[in-house]
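Quick notes on the structure that follows.
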Number of protein chains: 2
Amino acid sequence: MVGLRGLERLPIQGELPGELPADRARLLLKALADPIRLEVIEALAGGERCVCDLTSELGLAQSKLSFHLKVLRDAGLLADRHSGRWVYYQLQPEALERLRGWLAALAASCTTPAPPCC
Amino acid sequence: MVGLRGLERLPIQGELPGELPADRARLLLKALADPIRLEVIEALAGGERCVCDLTSELGLAQSKLSFHLKVLRDAGLLADRHSGRWVYYQLQPEALERLRGWLAALAASCTTPAPPCC
DNA sequence: AAGTTCCAACAACCTGACTTGATGGGAGAT
DNA sequence: ATCTCCCATCAAGTCAGGTTGTTGGAACTT
């Protein structure tokens, strides 16, 4: 599997309190750090899409796409919606926003000069 | 090696024009998506540090830390500064900011409902 | 000069993530 | 009921990325 190593089942979906622990940030980053998943993300940036639609647009094997969609969904980056025999996926702006907040916190005071050292 | 696969030597360091192509974003994300590198990043969030300092604080083999520092540096996330026989590393807020911008663009219109499908 | 410390780079090994192909379930159509 | 389509899941194989130990250069000390 993928974005995991012992922390796959923390309560990911419902977590709005801006603060994002490092482990959670790592899960998001790991989910995003794959070329195919980035294509999926960018395809979904325009709005919700169904799986069959993504399959043909990205030219991926169904099994392959399904694998990557699961990784993104487990990370909380995507939400799925079932309708008939189709499944629609949507990018979750909250997840992106939390990651942005984490990045902003890092940048806040990183330019402090180094102490004398050793 | 790591954050690469054919695009390791694009001009990474000097690139302020807010726009961040997907390939570049992927390089940043891949560099960040590692537990050890996240520890390094967080250690540097407080300000510049020398390598020997990081080695002892994170309890890492010198070779291992050097490997990860190179990945982060190649991605443009870190800048190094040599002084005597010491090397100081600093987090680059511009890189973080560019990534934040990329994330913001993704979130902009991702909640558009799906077209009828198939 | 020789010795020591700090750090980067290399080769070989190894683990874990990704790929591939196949199987199975759910929902609609005939 | 049967068939078809859409999608998730599984097992097995592949391979890129990370680890480990070592080597070597640069800078300072004695």
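Residue numbering restarts at 1 for every chain, and letters A, B, ... go by the order of the sequence lines.
Whole-Å rounding puts the L60(A) CG to dC6(D) C1' distance at 16 Å. The NZ-P distance, from K30(B) to dA17(C), rounds to 12 Å in whole Å. As a whole-Å value, the separation of L54(A) CG from dA8(D) C1' is 15 Å. If you take CG of D80(A) and C1' of dC7(D), they are 11 Å apart, rounded to a whole angstrom. Taking atom CZ of residue F67(A) and atom P of nucleotide dT20(C), one finds them 12 Å apart after rounding to whole Å. The distance between atom OH of Y88(B) and atom P of dA27(D), rounded to the nearest whole Å, is 15 Å. One interatomic measurement links the two molecules: CG of D34(A) to C1' of dC15(D), which rounds to 14 Å at whole-angstrom precision. In this entry the distance linking CD of E39(A) with P of dC18(C) reads 14 Å, nearest Å.
When each of A33(A) and Q62(A) is assigned the nucleotide of DNA chain C with its nearest heavy atom, A33(A) is the one assigned upstream, toward the 5' end. Along DNA chain C, the nucleotide nearest K64(A) and the nucleotide nearest R85(B) are compared for position; the residue whose nucleotide lies closer to the 5' end is R85(B).
Using modelled atom types, one side-chain atom of T55(B) and one backbone atom of V51(B) make a donor-acceptor pair closer than 3.5 Å. With R100(B) contributing its side chain and R100(A) its backbone, the two residues share a donor-acceptor pair below 3.5 Å. Under the 3.5 Å distance criterion, the side-chain polar atoms of R37(A) are matched with a main-chain donor or acceptor of A31(A).
When heavy atoms are screened at a 4.0 angstrom cut-off, I36(A) is found touching the sugar-phosphate backbone but no base atom.
Proximity note for C52(B) (side chain, C-beta onward) versus dC6(D), dT9(D), dC7(C): the nearest is dC7(C). Set against dG17(D), dC18(C), dC7(D), the side chain of W86(A) has dC7(D) as its closest nucleotide. Across dT20(D), dC6(C), dA8(C), the shortest atom-to-atom separation from the side chain of S63(B) is found for dT20(D).
At the phosphate of dA8(D), OP1 or OP2 sits under 4.0 Å from a side-chain N or O atom of Y89(A). Phosphate proximity of dT19(D) to H68(B): present, with a side-chain N or O under 4.0 Å from OP1 or OP2.
Between A75(B) and L27(B) the shortest heavy-atom distance is CB-O, 4.2 Å. Contact detail for A43(A) and L54(A): the closest heavy-atom pair is CB-CD2, 3.8 Å.
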